[in-house]
Amino acid sequence: MTKNEFLLRLSDALRKRHVPDYSDIVGEYEQHFAFKTADGFSEEEIAAKLGSPEDLAAQFEGGGEEKRQTGRKTVTLVGLVFSDIFAGFFFAFLFAWETVVAAFSVCSAVIGACLLAGRSPWALIPPLPFGCAVVFGISLAALAVFSAAGCVYFALFIRQLMRSYGRFHKNTLASASGGAVLPPLSAFPRLSPQANRRIRTVALAALTLFAVCFVLGIIVSMIAAGALEFWHAWGWFGYVPN
Amino acid sequence: MGVNAQYKKGVLELCVLSLLKRRDCYGYEISDYLSRRIDIADGTVYPILRKLKSEGLVTTYMQEESGGPPRKYYSLTSLGREAYAAQRAEYLEFARAVNALLEEDEHD
């Protein structure tokens, strides 16, 4: 078989099987002939080593399988749309929670800073002796750090969950259309052991500091006010002592 | 195509991915390299390249060569990289198990 015979039979067979861009494929084989000829092979030898053009054309056919699965693909697509809507709500909820935690962390930090600086913008912070304010201030600063650490981990968690869902989405589509499926992704963020340990250490230390300082603040305030219900003694929450 | 040819084709796909992971190649380069090492018909690599492209595991681009027509180069996508890593691990595990099984038979 000469080069022209081979290419002609190949393009005929490809067209018969409705393979798209068949001229592109024929071009690839034409180049193969060009390279081999340059290496000193005859056209007959090259064609024999390539294999039968009809067999090769059959290997390019992949459309038949897709056509058979159209029905299944539609069902998968509809299911995927519903699953996307549900996941959308779920992610909106997760983002809302992330925002709440972040806002909480910022508020704690601001109030803690005000207490430590001995300031009360717009008289938002009820009056209390500076010593007690410092202890509560440290406690709130620790709370801010604790919630910030939680915020960071939660953000990583949401990101990983979205990537995992994205992979599921892509795989479902791919398997419905007979494409390549990739391994699923874990729903939990995989941090390096060091990063994991660091976040955990910071969170635990901040939580402990918060708890200790909070209790200490209450005790110090009780002593300073000379009353168990120190908030009454200092006239907090609109309560006027007699 | 017989079962044997089917089987070979799956493994060839892995070989093509492995080659492309090292560097971008043009079609003939891959066909030549593989047919020197593995007993296959020269033509079978092109359908595999086409399949990998339609699955999004490789992309193509044209590059001008000195003194010749532009060549179509194949390059691994990030999807292809990931798929290769997974398939490679799977194959090596499989091959190890088969080897162990076949070697046991020598001692009988």
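Here is how names work: the chains are called A, B, and so on, in the same order as the sequence lines, proteins then strands, and each is numbered from 1.
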Query raised in the report: CD1 of A:Ile25 to CG of B:Leu49: how many Å apart, nearest 0.5 Å?
Result: 11.0 Å

Query raised in the report: In Å, rounded to the nearest 0.5 Å, how long is the span from OG of B:Ser31 to NZ of A:Lys49?
Result: 8.5 Å

Report task. Quick one: pull up OH in B:Tyr46 and NE2 in A:His32 and give me the separation to the nearest 0.5 Å. Result -> 4.5 Å

Query raised in the report: Are more than 12 heavy atoms from other residues, nucleotides or ligands located less than 6.0 Å from atom CZ of B:Arg88?
Result: no

Query - Heavy-atom neighbours of B:Tyr91 OH exceed 12 at 6.0 Å - result: no

Query - Non-hydrogen atoms of B:Lys72 and A:Glu28 that approach each other most closely - result: CE-OE1, 3.4 Å

**Report entry** Neighbour count >12 (heavy atoms, 6.0 Å) for atom CD, B:Glu90
**Finding:** no

Query raised in the report: Quick check: are there more than 12 heavy atoms from other residues, nucleotides or ligands sitting under 6.0 Å from OH of B:Tyr61?
Result: yes

Requested in this report: Assign the ring pair B:Tyr28 / A:Phe35 to parallel, tilted or perpendicular, where the plane angle (0 to 90°) is split at 30° and 60°.
Outcome: parallel

Query raised in the report: With only heavy atoms counted, which part of A:Asp39 is less than 4.5 Å from chain B, the side chain, the backbone, both or neither?
Result: side chain

**Report entry** Stepwise side chain to side chain contact (heavy atoms under 4.5 Å, CB included) test for B:Ile48 and A:Gln59
**Finding:** CA-CA 8 Å; B:Ile48 290 172; A:Gln59 291 178 42; 5.9 Å; no

Query raised in the report: For the residue pair A:Tyr29 and B:Pro47, what are the closest heavy atoms and their distance?
Result: OH-CD, 3.6 Å

Query - Neighbour count above 12 (heavy atom, 6.0 Å) for A:Phe41 CZ - result: no

Query raised in the report: Which bit of B:Thr44 comes within less than 4.5 Å of chain A, counting heavy atoms only: side chain, backbone, both or neither?
Result: both

